[in-house]
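Structure, as structure tokens:
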Amino acid sequence: MLRLPPCLRTALILLLLLPLNGCIRLLLKPGRDFEKYTPPPAPDYAQASSWAALPTKKDSADAVPCHSTLRDEQATAAVDVFFIHPTTYYSPRHWNGDVRKKWLNKYTDRTTIKQQASVFNATGRIYAPRYRQATLFSFLDKEPNGEKALELAYSDVRAAFQYYLAHYNQGRPFIIAGHSQGTDHATRLLHEFFDKATPLRRQLVAAYLIGFQVKPNEFLTLKPCPDSLATDCYVAYNTSDAGHESTMFQPSIAVNPLTWTLDSTLAPASLNRGAVSIRFKHVHPNFTDAQIHHGQLWVHAPCFRGFPHFPPSGKKKLRYSRHIADYALFYMNIRENSQARVRAWLNK
């Protein structure tokens with residue numbers, strides 16, 4: 001069982017037990033304004049320690065579910081995957097996480113790098129930077145502090161991407177992927193580097209922008225993927241229980257990960273190639289159906305340990321969210337689809 005550091009355990013207990021009202025805001029809010037504290041030093045991306053995943057070292061992105069026949073195939077992959085992890089820092093001590101903290105890195109690696117980034121290890125060589133991520137409260141903050149914390153986090157992601165291009169890429173095609181805060185930063189990367197015709201745009205296979213708002217008119221030229229083999233496009237969705245309207249991450253685009261289309265027809269669970277729970281032990285085929293509804297991805301997922309809802313928060317709009325399981329519910333579909341898109345790109 002994963003042992004969490006005390007400050008992280010405290011933050012999660014607060015999320016589980018208290019509503020997101022003024023009380024919990026005070027408990028999660030850093031004690032000083034962003035301008036009045038000294039951020040941790042920026043990562044040096046020339047150092048392997050500044051990367052949660054590199055194809056040249058053993059790391060959590062190499063993992064496959066224990067009782068499966070899946071294999072890590074990064075060594076022979078023809079493309080790269082630049083993966084940006086979601087928020088794993090919840091402490092009110094600082095506005096941004098410190099990449100030198102071993103407990104934070106260990107928690108990040110054992111959760112999102114293992115459970116999400118690994119979905120791509122049969123598709124490409126995975127590069128996942130550590131970065132001074134904005135603390136959870138940054139997304140609740142009504143002051144400029146949260147925006148400044150996210151801006152600092154993005155500056156690291158941008159620097160990591162530029163280092164990757166200069167030192168690792170060597171002209172190879174690549175996928176950009178993220179979840180939650182990671183998707184927020186990935187969306188900014190697409191705006192800055194890809195939403196226009198450039199030589200770099202020709203190397204982009206696709207982007208997986210999962211678990212955050214991607215507006216219907218988000219980009220000028222980049223479009224959501226219309227089918228399972230389209231390239232030079234992006235996939236986006238946010239998962240919640242069917243029958244419950246939510247304003248979380250709305251308005252947003254949704255691509256159904258069972259059909260890989262924008263069609264709002266219900267896709268049956270028989271199309272689900274396999275879910276993988278956060279316990280990371282088994283592949284569960286036919287686990288859930290999926291249907292696009294007003295920009296959300298509705299699912300009839302069973303109440304099954306390892307595919308959690310958003311922690312109870314007192315906010316009804318979060319109560320039915322499957323945000324934490326956005327990747328887990330469709331693990332095999334994403335794994336196989338990313339391979340199919342790469343084959344389509346290479347065949348071009």
Side-chain angles (χ1 to χ4, degrees), residues 8 11-20 24 28 83-90 107-108 111-117 119 133-140 146 150 153 177-187 208-215 234-258 272 275-280 287-331 333-334:
L8 186 52
L12 290 178
I13 289 171
L14 290 172
L15 282 174
L16 288 167
L17 298 180
L18 295 174
L20 283 176
I24 195 170
L28 291 178
F83 180 84
I84 311 166
H85 71 74
T87 308
T88 56
Y89 182 66
Y90 311 111
Y107 178 69
T108 300
T111 54
T112 178
I113 301 301
K114 181 179 180 180
Q115 297 161 13
Q116 296 178 336
V119 78
Q133 57 179 290
T135 190
L136 176 64
F137 185 80
S138 300
F139 295 96
L140 310 174
L150 287 163
H179 183 249
S180 198
Q181 180 173 166
T183 284
D184 186 26
H185 300 316
T187 301
Y208 290 78
L209 306 178
I210 297 172
F212 206 77
Q213 184 180 36
V214 182
K215 297 177 182 177
Y234 65 88
V235 168
Y237 65 82
N238 295 285
T239 316
S240 62
D241 286 344
H244 299 283
E245 296 280 356
S246 173
T247 58
M248 188 177 181
F249 305 129
Q250 294 301 318
S252 188
I253 283 288
V255 174
N256 191 320
L258 296 186
N272 191 306
V276 175
S277 77
I278 60 176
R279 296 167 65 87
F280 213 68
F287 190 76
T288 183
D289 57 15
Q291 183 175 21
I292 297 171
H293 177 83
H294 295 169
Q296 303 170 67
L297 186 70
W298 275 5
V299 297
H300 292 91
C303 294
F304 192 87
R305 186 177 181 183
F307 298 91
H309 288 83
F310 204 89
S313 63
K315 281 189 175 291
K316 190 174 181 180
K317 68 180 181 180
L318 299 181
R319 192 176 305 165
Y320 303 103
S321 171
R322 294 284 184 139
H323 180 69
I324 297 171
D326 281 330
Y327 270 80
L329 291 168
F330 307 101
Y331 188 96
N333 291 77
I334 300 171

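Just so it is clear, the values below take in all heavy atoms, side chains as well, and ignore hydrogens, waters and symmetry mates. This one's a predicted model, so the numbers in the text were calculated from it and none came from an experiment.
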Contact check, side chains of [X] and [Y], non-hydrogen atoms, under 4.5 Å:
{"X": "His179", "Y": "His85", "value": "no"}
{"X": "His323", "Y": "Phe249", "value": "yes"}
{"X": "Ile210", "Y": "Ile334", "value": "yes"}
{"X": "Tyr208", "Y": "Val235", "value": "yes"}
{"X": "Ile292", "Y": "Trp298", "value": "no"}

**Message:** Working to the nearest 0.5 angstrom, can you tell me the gap between Arg279 CZ and Phe304 CZ?
**Reply:** 8.5 Å

**Request:** Working to the nearest 0.5 Å, report the span between CD1 of Ile324 and OG of Ser180.
**Result:** 9.5 Å

**Request:** Verify whether one side chain among Thr239 and Asp326 offers a donor that lies under 3.5 Å from an acceptor in the other.
**Result:**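 Yes, because at least one side-chain N or O of Thr239 sits under 3.5 Å from a partner of the opposite role on Asp326.
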
**Message:** Checking side-chain polar atoms at under 3.5 Å, does His244 have a donor or acceptor matched by the opposite partner on Gln296?
**Reply:**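 No pair is found: no donor N or O on one side chain lies under 3.5 Å from an acceptor on the other.
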
**Prompt:** For the rings on Tyr90 and Phe137, is their centre-to-centre separation under 6.0 Å?
**Reply:** no

**Message:** Counting the benzene-type ring for Trp, do Phe307 and Phe287 have ring centres under 6.0 Å apart?
**Reply:**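 Here the rings of Phe287 and Phe307 have centres that are less than 6.0 Å from each other.
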
**Set of residues satisfying side chain to side chain donor-acceptor pair (under 3.5 Å) with respect to Ser138, sequence neighbours excluded** =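 Listed in chain order: nothing, the list is empty.
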
**Message:** If we ignore hydrogens and angles and just use 3.5 Å, is the side chain of Asn333 paired with the main-chain N or O of Asn272 as donor and acceptor?
**Reply:**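 No; zero donor-acceptor contacts below 3.5 Å.
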
**Asked** Between Gln115 and Phe280, what is the shortest heavy-atom contact and its length?
**Response**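 For Gln115 and Phe280, the tightest heavy-atom pair comes out as CA-CE1, 4.1 Å.
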
**Asked** Can you name the nearest heavy-atom pair linking Tyr327 to Gly178, along with the distance?
**Response**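 Minimum heavy-atom contact is OH-O, 2.9 Å.
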
